[in-house]
2 protein chains.
Amino acid sequence: MPCSPADPPRPPTGLEIADWVRQRIRTGRFVPGQRLVEVDIIRQTGASRSKVREALKRLEGEGLVEIEEFRGASVRSSTLDEVRQIYRARMALEGMAMHDFTARADPAMIARLQDLQDQLDACVRDRAPDRFGRLNNEWHRLIVEGSGNQVIADHLQRLNVPIHRLLFESFYDDERLKTANADHRAMMALIVAGDAEGAERAMRRHIGDGFETLARIESEFYS
Amino acid sequence: MPCSPADPPRPPTGLEIADWVRQRIRTGRFVPGQRLVEVDIIRQTGASRSKVREALKRLEGEGLVEIEEFRGASVRSSTLDEVRQIYRARMALEGMAMHDFTARADPAMIARLQDLQDQLDACVRDRAPDRFGRLNNEWHRLIVEGSGNQVIADHLQRLNVPIHRLLFESFYDDERLKTANADHRAMMALIVAGDAEGAERAMRRHIGDGFETLARIESEFYS
DNA sequence: ATGGACGATATTGTCAACAATCTCGTCAGC
DNA sequence: GCTGACGAGATTGTTGACAATATCGTCCAT
């Protein structure tokens, strides 16, 4: 079993450290307000201090982390109003992505989307909110990637990081799960019909409804 | 003349260096493809090397510069297709900002907007495309700031940096100047009438037309 | 017990020296 | 003249030591 000779213990790069921290923020392993002490990250990742500092600066630029002089980095927390603003931006950008996707979609992409849709239907039948959440993210990502607009894709990816957990939360409400899936099916129909404007409107409504549900569920967590 | 005792030669911070470089990229003092040599920036700004490197990394995160290992930073250049994608994102976000502005606008904001509009009219009469460009930027910024959505404002600011020069270019076409100003006046009317959806559609058309004009003018500069 | 001054420790910010790599001119060989 | 190897200088990447500041426990006076 010849193991490849050129990949053993390579020290992580700044980008990798940033990914590592970002991942942990997304999944809730690092919670808002938590301090990110350089030495701890060094110990856990094996990176050098420069790389860790570089990564934290990068995450500050993304708005994920707050850095105070001589007090270091901590996970930034969002207010409910900021979440609302993020959802508003998502409505705009994902709506536009849906518009362009519909105008460009070829049969192969539509087939991939249909495949995902079938799996989502199965999740609704089986009451599998967690899996539904994952596939739902895939579904949205497919639309955005298929829109042919990498700029919008990048900005959406950044917007989604701070609300990653919330993107799963609302599907534990069975009613919301069904509504969301019905939205998806309706959008599929509009895509197939080539109705770009209709699909865009539907996407915006869909995301707007998602926030309303969320606001009801989560409002207790915010001031 | 007591000069304040606590502001003498303070070394620039990383953020200030980033602003300094960003400004020079925006105004075309640094052109796409140009190498940004650390020592040169140090000499011109008086910052330490750490700060300069920090600033360049930050700008890389913003997509403004490209950093290659052991080759350093250079100003990233955009293809025409990327400019198109940026304009598409602007249509989405500024459209949404216009929607929310119209729904929220109070008399004071509308008055400030009207004031700017009067000055824009004067520029059209006087054939002052340069001043028109500056005031036009102000006009758009006022809409976005007044929308009450800082997230959208931030993302738009980032989107605008690489196309800053282009935002002035098309107004040297007298026809475009008049059309754009007519768009503005029409949007003002929709805002006053409280027609948020109409204003959003108008803004999207306005930006879309801006790109079309640009694409005609500038297409020769891109492959 | 309480509040405030003090100091030890922990943590972050800065800098300069050194290492790694690239760039570009030079020159030998064909 | 052309090509490719070579090497000096230029530029970037990395590390470690040191400085500046914050944190938190301790002790003393009241």
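Because its NZ or CZ atom is both nearer than 6.0 Å to the ring centre of Tyr87(A) and within 45° of the ring axis, Arg90(A) counts as a cation-pi partner of that residue.
In this pair, Trp139(B) and His206(B) present their aromatic rings perpendicular. The plane angle is above 60°, beyond the 30 to 60° band.
Residues forming a side chain to side chain contact (heavy atoms under 4.5 Å, CB included) with Thr45(B) (at least two apart in sequence, or on another chain): Ile17(B), Trp20(B), Ile41(B), Ala47(B). Partners of Ser50(B) under the side chain to side chain contact (heavy atoms under 4.5 Å, CB included) rule, at least two apart in sequence or in another chain, are Ser48(B). In this structure, the side chain to side chain contact (heavy atoms under 4.5 Å, CB included) partners of Asp174(B), at least two apart in sequence or on a different chain, are Arg127(B), Leu177(B), Lys178(B). Asp154(A) meets the side chain to side chain donor-acceptor pair (under 3.5 Å) test with Gln150(A); sequence neighbours excluded.
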Base versus backbone protein contacts along nucleotides 8-15 of chain C [heavy-atom cut-off under 4.0 Å; B, S, -]: ---SBBBB

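Mapping heavy-atom proximity under 4.0 Å, the span of DNA chain D touched by chain A runs 5' to 3' from dT14(D) to dT23(D).
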Derivation and outcome, side-chain hydrogen bond (donor to acceptor under 3.5 Å, both in side chains), residues Arg26(A) and Gln23(A): CA-CA 5 Å; Arg26(A) 273 203 337 206; Gln23(A) 174 77 6; 3.1 Å; yes

